[in-house]
Number of protein chains: 2
Amino acid sequence: MSNTNPDDKQLAEMFKALGNPHRLLIFQRLSNCCLPGTRCDLEQTMRFSVGQLGKGMEIAPSTLSHHLKELHRSGLIEMSRQGKRVDCWIDPAVLNRLAGFFYNPIENRLRGDRDVG
Amino acid sequence: MSNTNPDDKQLAEMFKALGNPHRLLIFQRLSNCCLPGTRCDLEQTMRFSVGQLGKGMEIAPSTLSHHLKELHRSGLIEMSRQGKRVDCWIDPAVLNRLAGFFYNPIENRLRGDRDVG
DNA sequence: ATTAGTATTCGACATATTTCGAAATATAGA
DNA sequence: TCTATATTTCGAAATATGTCGAATACTAAT
């Protein structure tokens, strides 16, 4: 795309990654920082090993690995080996960036939150 | 996907639609409700005709039409014929739903906005 | 060193997506 | 009705994606 800057290109990559139901499910598991009714620990990011993330998803390990690689390549998740396992988590800044992309000043001003600059 | 509810399925459809750079650009054009430094009109949703949306994008009209259909099918945009033209716009509720998906209670509590239920 | 557990790479196949041009459809106006 | 403008549908081709099984790599413990 000639008229697509690098920033938008990465954004499209992220959305493409989330466009697959398996990958969306993985992302949701990682972004649920706390259970309903509980508090989140400020110092703690939700981490799951590759194996844990695959629990309940009926896909082959190789397929799971492929999806995690896509999520990582797009910039949605972080990964690092911890002994035998590989842990995955989401950098909170990613959530903020994506939420900000959809932020709607019209609707939110209706709620009386703040003004538009 | 057996373990994917209808809601998540539609969410994945939306992200898949945004995963294409051309479609992301169209969506961005429609979601920019006002120019930098200006105010948005509360009563007005940003509308563009199919032809206007294609301006500057080097794709065939048939391709543009295809992408708009995808955006519409996923639930991201609305379309309605207005004479010779077909107008497109985004329902603000869609923006809120998507922003909410990425909403991060941890980061936002750091900003002192509010507490977690 | 061997083994067991965990995860990735590779090669292959089926299916989906992107894209176009040509033809068709819809609408407003002469 | 005929024409010009705007958009969609259709069919085809090239490319990308999702999936698996088999083989490979990494790590910890025996």
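Please read all numbers here as calculations on a predicted model, not as lab measurements. Within every chain, numbering begins at 1; the chains are lettered A, B, ... in the order of the sequence lines, protein sequences first and strands thereafter.
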Taking the nucleotide of DNA chain D with the closest heavy atom to each, which residue, A:Q82 or A:R23, is nearer the 5' end? A:R23
Quick one: is A:K16 getting a side-chain N or O under 4.0 Å of the C:dT17 phosphate, OP1 or OP2? no
Whole angstroms only, please: what is the CG-P distance between B:L68 and D:dT7? 9 Å
Any side-chain N or O of B:R81 below 4.0 angstrom from OP1/OP2 of D:dA6? no
Minimum-distance nucleotide to B:I59 side chain [options: C:dT8, C:dC20, D:dT19]: C:dC20
Expressed as a whole number of angstroms, how long is the span from B:R73:CZ to C:dA16:C1'? 12 Å
For the side chain of B:S62 and the base of C:dG21, is some donor closer than 3.5 Å to an acceptor across the two? yes
Could you measure the distance from the SG atom of A:C88 to the CE atom of A:M79? Nearest 0.5 Å is fine. 4.0 Å
Cluster overlap B:V86 with B:M57, hydrophobic side-chain contacts below 4.5 Å: yes
Looking only at C:dT19, D:dT19, C:dC20, the nucleotide nearest the B:H22 side chain is C:dT19
Roughly, in whole Å, what's the span from CD in B:E70 to P in C:dT19? 11 Å
Atom CG of B:L71 and atom C1' of C:dT17 are separated, to the nearest Å, by 14 Å
When all nucleic acid strands are considered with a 4.0 Å heavy-atom cut-off, which category describes B:H67: base, sugar-phosphate, or nothing? sugar-phosphate
Nearest-Å distance, CG (A:L24) to P (D:dG18)? 13 Å
With respect to the phosphate group of C:dT8, does any side-chain polar atom (N or O) of A:S65 fall under 4.0 Å of OP1 or OP2? yes
Less than 4.0 angstrom between a side-chain N/O of B:N20 and OP1 or OP2 of C:dT17, yes or no? no
Does the ring center of B:F101 lie less than 6.0 Å from the ring center of B:F15? yes
Atom CG of A:L64 and atom P of C:dT9: how far apart are they, to the nearest Å? 13 Å
Whole angstrom value for the distance that separates P of D:dG18 from CD1 of A:I26: 11 Å
Compare the minimum distances between each of D:dT8, C:dT27, C:dT8 and the side chain of A:P61, then state the nucleotide with the smallest one. C:dT8
Take the angle between the ring planes of A:F102 and B:F102 and call it parallel below 30°, perpendicular above 60°, tilted in between. parallel
Nucleotide nearest A:K69 (side chain, heavy atoms from C-beta), chosen from D:dT19, C:dC20, C:dT9: C:dT9
Can you tell me how far apart CG (A:L71) and CG (A:L76) are? Round to the nearest 0.5 Å. 6.0 Å
With respect to the phosphate group of C:dG29, does any side-chain polar atom (N or O) of B:K84 fall under 4.0 Å of OP1 or OP2? no
With a cut-off of less than 4.0 Å, is there a side-chain N or O of B:R85 near OP1 or OP2 of C:dA28? no
Residue pair A:L68 / A:I77, side-chain heavy-atom distance below 4.5 Å: yes
Using atom NE2 of B:H66 as one end and atom C1' of D:dA12 as the other, report the distance to the nearest whole Å. 14 Å
